[in-house]
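Heads up, the thing below is written out as structure tokens.
For the single chain, residues carry numbers from 1 onward in sequence order.
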Amino acid sequence: MTTPSKTYFYGQYTNSISAKGQASIPKKFRDSLDEVEAAGGFVLLPGQDCCLYLYTHLQFSEVRTRVRELAVKNNSPEFFRSFMESVVALDPDNQGRFVIPQTMRDLADLTGKEVTFIGMDDRIEIWNPDVRNSQRKEQEASYAQLRETGARDIFGI
């Protein structure tokens with residue numbers, strides 16, 4: 001059994017993306033990795049809401065285990081097969097640069113010159129900045145109440 005990752009990501013950063021799909025993982029995210037996770041590279045897979053998920057290999061092993069258990073529970077090897085064939089291993093260079101495959105860029109509508117990286121605890125999400133801003137605006141009203149009551153529950157305010 002693998003040791004669970006102690007790395008978590010937070011914040012939002014926007015970096016450039018080349019016409020060939022080369023982008024760079026924000027330095028703040030790279031700096032949060034311990035040596036073992038930094039050396040292990042990353043795993044890229046389709047996410048929800050038109051984004052991509054980027055996990056360290058250690059973090060991905062936990063996700064993979066949960067997906068396999070769900071597939072076994074539902075007697076659906078095709079579910080696990082479909083999931084695993086959508087995963088791409090990445091080995092960024094020492095400046096965090098990597099290439100997002102065209103199929104993944106198409107899935108996340110990464111058509112511009114910038115990508116937004118959002119730290120989501122155990123993963124990094126990669127977004128088209130326009131899609132992310134549009135989604136944020138659509139959800140703003142519904143989240144206002146939750147933020148208010150959540151602040152009371154979380155911070156005792």
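Annotation: Asn75, atom CG; neighbour count of heavy atoms from other residues, nucleotides and ligands within 6.0 Å does not exceed 12. Annotation for Glu85: atom CD counts as buried by contact number, over 12 foreign heavy atoms lying within 6.0 Å.
In the hydrophobic cluster analysis, where Ile, Leu, Val, Met, Phe, Trp and Tyr join through side-chain heavy atoms closer than 4.5 angstrom, Tyr55 is grouped apart from Tyr13. If you chain together hydrophobic residues whose side chains sit under 4.5 Å apart, Met84 and Leu45 fall into the same group. Both Leu70 and Phe60 sit in one connected hydrophobic cluster of ILVMFWY residues. Membership requires side-chain heavy atoms under 4.5 Å apart, directly or through other members. Grouping the Ile, Leu, Val, Met, Phe, Trp and Tyr side chains by contacts below 4.5 angstrom, directly or via other members, places Tyr53 apart from Leu44. Hydrophobic clustering of Ile, Leu, Val, Met, Phe, Trp and Tyr side chains at less than 4.5 Å, counting indirect connections, unites Ile124 with Leu52.
The shortest heavy-atom contact between Ala108 and Asn128 is O-CB, 3.8 Å. The two residues Pro129 and Val115 have their closest heavy-atom pair at CD-CA, 4.1 Å. Residues Arg64 and Phe83 share a closest heavy-atom pair of CA-CE2, 4.5 Å. The nearest pair of heavy atoms linking Pro92 to Phe42 is CG-CD1, 3.7 Å. Closest heavy-atom contact between Val88 and Pro101: CG1-CG, 4.1 Å.
A donor-acceptor pair is defined here as one N or O able to donate and one able to accept, closer than 3.5 Å; such a pair exists between the side chain of Asn15 and the backbone of Ser24. Side-chain atoms of Arg30 never come within 3.5 Å of backbone atoms of Ala38 as a donor-acceptor pair (strictly under, hydrogens ignored). Under the 3.5 Å distance criterion, the side-chain polar atoms of Gln59 are left unmatched by any main-chain donor or acceptor of Glu37. Between the Ser134 side chain and the Asp130 main chain, no donor and acceptor come within less than 3.5 Å of each other.
Between Leu90 and the options Leu54, Val43, Ile100, a side-chain contact (heavy atoms from CB on, under 4.5 Å) holds for only Leu54.
Look at Arg81 and Glu78 and you find a salt bridge, because one of the NZ, NE, NH1 or NH2 atoms lies within 4.0 Å of a carboxylate O, short of that distance.
Here the CE atom belonging to Met104 is positioned 9.0 Å from the CD1 atom belonging to Ile126, to the nearest 0.5 angstrom. In this structure, Gln135 CD and Cys51 SG are separated by 8.0 Å, a value rounded to the nearest 0.5 Å. One finds the CZ atom of Phe29 at 9.5 Å from the OH atom of Tyr10 (value rounded to the nearest 0.5 Å). To the nearest 0.5 Å, atoms CG (Asp31) and CD1 (Ile25) are separated by 11.5 Å. If you take CG on Asn74 and CZ on Phe79, they are separated by 8.0 Å, rounding to the nearest 0.5 Å.
When side chains are defined from C-beta on, Phe80 counts as touching Val67, because their heavy atoms get closer than 4.5 Å. For the pair Thr116 and Gln12, the minimum side-chain heavy-atom distance is below 4.5 Å. Val63 has its side chain out of reach of Arg123: every pair of non-hydrogen atoms, C-beta onward, lies at least 4.5 Å apart.
The aromatic ring centres of Phe9 and Phe117 sit 6.0 Å or more apart.
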inquiry  = Would Ile17 and Arg105 count as a side-chain contact (heavy atoms from CB on, under 4.5 Å) here? Give the steps.
reply    = CA-CA 10 Å; Ile17 183 170; Arg105 283 183 274 155; 4.1 Å; yes
